[in-house]
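Take a look at the structure set out below.
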Amino acid sequence: MLLLLLTAVVLLAPVPRLTPTATSVPTALDPDPDPAAAVPAVGRAWPVGVRPPILRGWEPPATTYGRGHRGVDLAAPAGAPVRAVAAGRVSFAGRVAGKGVVSVELPGTGDPPLRTTYEPVRATVKKGDEVEAGEVVGTVEATGSHCTETCVHWGLRRADAYLDPLSLLPPWLLRSGPSRLLPVLGVPLPS
C-alpha cells in the first residue's frame, strides 16, 4: 500500500521548470505581475522533433531594452519541419531583418491572445491560414539563426509582454525520462 501511495505522489508531483518563469524575474516588458499564471497549457506538440534539445532557455530581461533571451532555442537541422505548438491563425508569415518568421495567434488564450513565433523558418503557410496543433507551418532555414548551430527560436508574447514558451506545454510533453508503470490494484506484487 505504501508503494502505491509513493508511486501516486511521484506521478502527480508538479514537473520542475526547465527555465526561469515569468514569475521568477520581474521585467519592464511585463505590465502584469503574473502573466505566466494566465498562460494556459494549450500546446499539443513541440515546434520541432519529439523533445528537442534546448540550446538556450528563456531569460527575461530586467528592463525593456535589457539583455536577455526572449524565447527558447531548440536544436533542429536545416530543412526539418516546424510545427504549430497549438491551434491558431497565422498572423504573420514572411521575412523580418532577413529571417523567415511565422507567427501564430492562439484564440481563446485571453485578451489580448497569446502569439507564438518561430524563426528562422521558410513558411509553408500564409497570413490568415488556420492551423491545427502539430501542423507544419514551415521548415528550418539553414541560415539566419543566432545559435552556434542550426536551431529554431521559439517565442511567446501577449501584447508587448514576452513569456516563457515552455509554459504553453502541458507537463506530459515536458517530461523527459522513462515512462512509469502504475501498479494494478488487486494483483499481488512479485516476491
Side-chain angles (χ1 to χ4, degrees), residues 17-22 29-30 35-36 38-61 68-110 112-170 172-174 176:
R17 297 301 300 177
L18 300 174
T19 61
T21 64
L29 296 175
D30 182 4
V39 175
V42 296
R44 295 294 172 255
W46 283 90
V48 291
V50 176
R51 189 176 191 308
I54 297 172
L55 302 176
R56 184 173 178 193
W58 184 67
E59 301 163 12
H69 191 240
R70 294 160 175 87
V72 174
D73 292 337
L74 305 172
V82 178
R83 301 178 185 284
V85 171
R89 178 180 301 233
V90 176
S91 57
F92 181 83
R95 302 204 70 76
V96 176
K99 296 180 188 178
V101 177
V102 174
S103 295
V104 178
E105 189 172 283
L106 309 178
T109 57
L114 294 169
R115 186 175 67 241
T116 60
T117 58
Y118 313 95
E119 64 178 76
V121 174
R122 181 170 311 283
T124 57
V125 292
K126 62 185 183 312
K127 183 178 178 178
D129 285 353
E130 297 283 338
V131 295
E132 294 297 321
E135 185 175 334
V136 174
V137 296
T139 57
V140 178
E141 290 184 331
T143 60
S145 170
H146 59 255
C147 300
T148 57
E149 59 186 271
T150 311
C151 77
V152 168
H153 178 83
W154 172 32
L156 176 65
R157 290 177 70 172
R158 181 184 305 282
D160 292 332
Y162 290 89
L163 305 169
D164 183 0
L166 292 175
S167 62
L168 283 174
L169 298 179
W172 61 269
L173 268 178
L174 288 171
S176 64

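Here, residue 1 is the first one in the sequence, and each next residue gets the next number.
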Non-hydrogen atoms of [X] and [Y] that approach each other most closely:
X: Trp154; Y: Val85; answer: CZ2-CG2, 3.5 Å
X: Val131; Y: Ala84; answer: CG2-CB, 3.9 Å
X: Ala75; Y: Val48; answer: O-CG2, 3.9 Å
X: Glu149; Y: Leu55; answer: CG-CD1, 3.7 Å
X: Thr124; Y: Gly138; answer: OG1-N, 3.2 Å

Main chain of [Y], side chain of [X]: is a donor-acceptor contact present, judged purely on distance under 3.5 Å?
X: Thr139; Y: Ala80; answer: no
X: Arg158; Y: Pro112; answer: yes
X: Trp46; Y: Leu169; answer: no

Residue pairs, two or more places apart or on separate chains, that pass disulfide bond (SG atoms under 2.5 Å apart) and touch residues 114-154: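 Only Cys147-Cys151 qualify under disulfide bond (SG atoms under 2.5 Å apart).
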Residue list, salt bridge (charged side-chain N to carboxylate O under 4.0 Å, His left out) with Asp129, at least two apart or on another chain: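 Asp129 satisfies salt bridge (charged side-chain N to carboxylate O under 4.0 Å, His left out) with Lys126 once adjacent residues are dropped.
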Qualifying residues under salt bridge (charged side-chain N to carboxylate O under 4.0 Å, His left out), relative to Arg89, sequence neighbours excluded: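 Salt bridge (charged side-chain N to carboxylate O under 4.0 Å, His left out) list for Arg89, sorted by chain: Glu130.
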Residue list, side chain to side chain contact (heavy atoms under 4.5 Å, CB included) with Pro120, at least two apart or on another chain: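 Side chain to side chain contact (heavy atoms under 4.5 Å, CB included) list for Pro120, sorted by chain: Glu141, Ser145.
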Residues 103-110 side chain polar contacts: donor-acceptor under 3.5 Å, at least two apart:
| residue | atom | partner | partner atom | Å |
| --- | --- | --- | --- | --- |
| Thr109 | OG1 | Leu106 | O | 2.5 |
| Thr109 | OG1 | Leu114 | N | 2.9 |

Pair listing, ring pair (Phe, Tyr, Trp, His ring centres under 6.0 Å) test, anchored in residues 68-109, at least two apart: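 Residue pairs with at least one partner in residues 68-109: His69-His146, His69-His153.
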Atom CZ of Arg44: over 12 foreign heavy atoms under 6.0 Å: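 Above 12, so yes.
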Within-4.5 Å side-chain heavy-atom neighbours: Leu156 and Asp164: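 A side-chain contact under 4.5 Å is absent here.
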Side-chain heavy atoms of Trp58 within contact of Pro165, under 4.5 Å: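 Heavy-atom side-chain distance check passes, below 4.5 Å.
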Atom pair CZ/CD of Arg95 and Glu119 - distance to nearest 0.5 Å: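 Arg95 atom CZ to Glu119 atom CD measures 10.5 Å (nearest 0.5 Å).
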Residue from Val121, Val82, Leu74 passing side-chain contact (heavy atoms from CB on, under 4.5 Å) with Val140: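 Passing option: Val82.
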